[in-house]
Number of protein chains: 2
Amino acid sequence: MQVDEGIAILKENGHKYTDKRADILAYFIHAKGYRSAKALLAYMETSYAGISLDTIYRNLRLFEQLELLESREKNGEKLFKIACRSGTHHHHFICESCGLTKPLQKCPLPVYTEELADYHVNTHAFELYGLCPTCHNS
Amino acid sequence: MQVDEGIAILKENGHKYTDKRADILAYFIHAKGYRSAKALLAYMETSYAGISLDTIYRNLRLFEQLELLESREKNGEKLFKIACRSGTHHHHFICESCGLTKPLQKCPLPVYTEELADYHVNTHAFELYGLCPTCHNS
DNA sequence: CTATTCTATCGTAATCATTTCGATTTGTAA
DNA sequence: TTACAAATCGAAATGATTACGATAGAATAG
């Protein structure tokens, strides 16, 4: 995902380009892992002193709505990461040290077809956490 | 899990018996699924008019700490359910209509032994969401 | 049974993340 | 360049949760 792609998607949906939006996208593209609104705010304040909380949260909501960002909740706060726009369903391994996310090829859903024969499965959440080879060997 | 067991665990850890605590445990034992602090408050107010928020949240924290309750987060609020004290690792199917949780027998981790051969997996999160047979047929 | 001592609860205020709002600024299309 | 809708600001409001001083209550020893 490039910043330009994100901006293009914004415009296709009737939203405007702003430097702040480009920088927010760049922040998450570079991060490659989950980041909090607070972390984004801290980053943005280095370039835009006095940036409004409204701008941070409004754009996080917008980007998630446009599926440029994905989120999960932890310890009472929402965490965001750049979305995988591959189109195919997949899960992730997340490195607890460097935040790297590795897309996984297999989906564990078939494991439960028998066990949940009488149940209607709508969605599922699956994530693996640990250390990537680089962080494990250092 | 019985209310008595929960109370015993409370006492073993230096906490006191109160009717409110017994009722909170009974509420979650009967619920068999995730419930919010707000839902617990509404229930408790029917028996204890004017019960303090402090009492609700303090006991939820305590029970989670003692592993009598487990929690997850959704839409900015914490949801609690009675803990599975079986001791064995397992995952859950969660009914989005009635909140029922069905323990699953299989764990999907073995699916990824090949794909993550060079990675060090510490933990994983896995949950299935949908409708239980009862809710699906009504 | 009573006194003593912590713990629990109450009522309320504070905190934290997030959302909302009126006023102002800015992107962009004509 | 103008005009207008959208974006941002600064600040206040909201909702969930936590904290706090004062009071009430459970448990234990005498």
Side-chain angles (χ1 to χ4, degrees), chain A residues 3-4 6-27 34-66 68-80, chain B residues 3-4 6-27 34-66 68-80:
Chain A
V3 173
D4 293 352
I7 297 299
I9 291 169
L10 271 176
K11 293 196 172 182
E12 285 164 21
N13 290 83
H15 301 284
K16 293 179 177 171
Y17 168 90
T18 68
D19 289 345
K20 294 190 181 71
R21 284 179 171 167
D23 282 7
I24 291 173
L25 277 176
Y27 173 74
Y34 286 98
R35 296 291 185 275
S36 66
K38 203 196 302 183
L40 172 63
L41 175 63
Y43 170 78
M44 293 296 284
E45 279 176 335
T46 63
S47 307
Y48 306 94
I51 186 172
S52 172
L53 280 180
D54 188 15
T55 301
I56 298 293
Y57 282 105
R58 183 170 25 75
N59 284 315
L60 286 174
R61 278 200 304 276
L62 175 63
F63 289 177
E64 184 174 14
Q65 200 177 299
L66 296 176
L68 296 172
L69 292 179
E70 294 171 0
S71 75
R72 67 191 178 103
E73 291 178 53
K74 191 175 183 185
N75 297 328
E77 70 180 0
K78 224 171 170 179
L79 301 176
F80 299 84
Chain B
V3 173
D4 292 352
I7 297 299
I9 291 169
L10 271 176
K11 293 196 172 181
E12 286 164 19
N13 289 82
H15 302 282
K16 293 180 177 171
Y17 168 91
T18 69
D19 289 344
K20 294 190 181 71
R21 284 178 170 167
D23 282 7
I24 291 173
L25 277 176
Y27 173 73
Y34 286 98
R35 295 292 185 274
S36 65
K38 203 196 301 185
L40 173 62
L41 175 64
Y43 170 77
M44 293 296 284
E45 278 175 336
T46 64
S47 306
Y48 307 94
I51 187 172
S52 172
L53 279 181
D54 190 18
T55 302
I56 298 292
Y57 283 104
R58 182 171 26 75
N59 284 315
L60 286 174
R61 278 199 305 276
L62 175 64
F63 290 176
E64 185 173 16
Q65 200 177 299
L66 296 176
L68 296 172
L69 292 179
E70 296 171 357
S71 75
R72 68 189 178 102
E73 292 176 52
K74 190 174 183 185
N75 298 328
E77 72 179 1
K78 224 169 169 179
L79 303 175
F80 299 84

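Protein chains get the first letters and strands the later ones, always in sequence-line order, with residue 1 at the start of each.
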Output the rounded distance in Å from [atom1] ([X]) to [atom2] ([N]).
X       : N      : atom1 : atom2 : result
B/Tyr17 : C/dA8  : OH    : C1'   : 13 Å
B/Lys16 : D/dA26 : NZ    : C1'   : 5 Å
B/Glu73 : D/dG15 : CD    : C1'   : 14 Å
B/Arg72 : D/dA16 : CZ    : P     : 16 Å
A/Lys74 : D/dA16 : NZ    : P     : 23 Å
A/Asp23 : D/dA7  : CG    : P     : 16 Å
B/Asn13 : D/dA26 : CG    : C1'   : 17 Å
A/His15 : C/dA29 : NE2   : P     : 14 Å

>> For A/Glu73 versus B/Gly76, what's the shortest heavy-atom pair and its separation?
In response: OE1-N, 2.9 Å
>> Please give me the minimum heavy-atom distance between B/Ile7 and B/Leu25, naming the atom from each residue.
In response: N-CD1, 4.0 Å
> For the atom pair OG1 (A/Thr55) and CG (A/Leu41), what is the distance rounded to the nearest 0.5 Å?
Replying inline: 10.0 Å
Do [X] and [Y] come within less than 4.5 Å of each other through their side chains, counting heavy atoms only?
X       : Y       : answer
B/Leu40 : B/Arg35 : no
A/Asp23 : A/Met44 : yes
B/Gln65 : B/Asn13 : no
B/Lys78 : B/Leu60 : no
A/Ile51 : A/Glu45 : yes

> Counting just side-chain N and O atoms, does A/Thr18 come under 4.0 Å of either OP1 or OP2 of D/dT8?
Replying inline: yes
> What's the verdict on side-chain contact (heavy atoms from CB on, under 4.5 Å) for A/Tyr48 and A/Asp19, showing C-alpha distance, side-chain angles and the deciding distance?
Replying inline: CA-CA 10 Å; A/Tyr48 306 94; A/Asp19 289 345; 3.3 Å; yes
> For nucleotides 10-22 of chain C, read 5' to 3', which letter fits each nucleotide if B means a protein heavy atom sits under 4.0 Å from the base, S means only the sugar-phosphate is that close, and - means neither?
Replying inline: BB-----SBBBB-
> Between B/Ser36 and B/Lys11, which has a closest nucleotide on DNA chain D that is more 5'?
Replying inline: B/Ser36
>> When the axes are fitted on five pairs at both termini, how much does the helix from C/dC1-D/dG30 to C/dA30-D/dT1 curve, in 10° steps?
In response: 30°
